[in-house]
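First listed ligand is number 1; within each ligand, the first listed atom is number 1.
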Amino acid sequence: MLTQGMLSESSGSVTGAGALLSILRDGQARTRAELVQLTGLARSTVSQRLDALLSHQWIVPADDAISSGGRPATAFTFNRGARVVAAADLGATHARVAVTDLASTVLAERRVDLPIDRGPEEVLGWLVVTLKELLVETGGSLCGVGVGLPGPVSHSSGRPVNPPIMPGWDGFPVPDWLGSRLGAPVLVDNDVNIMALGEHWAARRDVEHLVFVKIGTGIGCGIISERRLHRGAQGAAGDIGHIRVTTSDEVVCRCGNSGCLEAVASGAAIANQLDAAGVEAHGSRDVVNLVRQGNTMAVQFARQAGREIGDVLASIVNFFNPSVIVIGGDMAEAGEHILAGVREVIYSRSLPLATQHLSIRATELGDRAGIIGAAVMVIEHVLSPEAVDLVVSS
Ligand SMILES: [Zn+2]
């Protein structure tokens with residue numbers, strides 16, 4: 001802070017341009033006069049900061065000049081095309097990558113079946129090659145790479161930590177490995193955190209407290225508290241898949257414990273239950289297809305899984321008091337049956353005050369929540385007022 005203050009006094013510098021950019025990022029064109037009024041800054045200071053943002057192409061003059069009395073006043077608007085962002089959502093069995101603009105609009109995208117257990121060099125190698133192809137298609141200057149992984153990630157280092165379904169990935173330096181090959185900063189988080197970020201940013205930005213539950217091969221949740229992602233001390237917040245559900249003590253989970261939520265209610269668990277009952281199913285995709293075809297047993301199992309998940313979420317609701325719970329992940333495509341089970345238990349088990357205005361719904365972004373969230377993670381980092389100030393003052 002001291003450095004910034006000294007800078008602005010000694011050189012009349014442009015620090016604070018980042019705050020101005022934050023205002024313009026809402027997409028509305030604004031004139032100098034409007035910005036003076038909004039910020040309370042001197043007109044000369046606003047002009048100086050606008051010049052700095054213009055020279056980095058983060059803003060552009062708006063097409064329509066706004067008339068203010070005599071001469072027309074130029075308005076400025078956020079330039080969402082100033083840079084491009086690379087985003088990757090790596091799941092247990094498939095991967096999706098995209099290049100977006102600075103408003104997280106997807107410009108080019110690929111999706112392939114790619115098991116994460118092939119190991120970091122093969123999976124990330126594919127990612128590098130594919131992103132380079134996409135960047136040729138879109139053009140533009142890459143400002144950062146966001147990656148979601150299907151396991152616990154240490155937030156400070158961006159490295160996976162003992163990920164149960166990712167052999168070979170434990171401690172792998174994903175940011176360095178990708179950064180040296182793509183020439184841009186790399187941010188890594190677990191897949192459900194980026195999904196929560198994407199859903200909140202793109203579809204529910206006004207919601208203060210939100211829980212995003214991913215139900216797929218595993219189960220986890222991402223927590224938005226006061227409009228920010230809550231990661232916890234080590235980045236492990238929201239790992240509800242290994243909360244023990246009392247009804248099913250005999251089922252052993254892949255984490256080694258027994259009776260975990262994930263072991264009884266994930267897509268993989270429902271597939272196992274169907275298999276044991278004589279209905280062939282190999283994973284969440286098969287379960288979703290069976291539910292959609294109206295297979296009675298699959299529908300029953302999906303609904304029961306919804307109840308088990310609702311049981312854990314009822315405690316979360318009492319503890320955290322979110323106003324929205326969003327259900328996403330592969331199994332969300334089994335739609336109303338899962339949601340019905342979740343709703344049934346939450347509304348009967350949580351306290352009335354906590355459920356009074358609680359809404360429980362399916363994801364609006366569908367299977368794109370992760371990719372949008374990975375882009376948002378990078379955009380919020382690159383366009384944070386501090387980061388922008390640093391760039392324009394260097
Ligand atoms: Zn477990």
Where the side chain of N190 meets the backbone of P152, is there a donor-acceptor pair that is under 3.5 Å apart? no
Reported NZ-to-CD distance for the pair K214 and E199, which is rounded to 0.5 angstrom: 14.0 Å
Any idea how W58 and H56 line up, ring-wise: parallel (<30°), tilted (30 to 60°), or perpendicular (>60°)? parallel
Compute whether any side-chain donor of one residue and acceptor of the other, for Q304 and R307, lie under 3.5 angstrom apart. yes
Could I get the full list of side chain to side chain donor-acceptor pair (under 3.5 Å) partners for Q293, not counting sequence neighbours? none
What closest approach, in Å, do F172 and R159 show between heavy atoms, and which atom pair accounts for it? O-CG, 3.5 Å
Taking 2.8 Å as the upper limit, name the protein N, O or S atoms near the Zn ion (ligand 1). H242 ND1, C253 SG, C255 SG, C260 SG
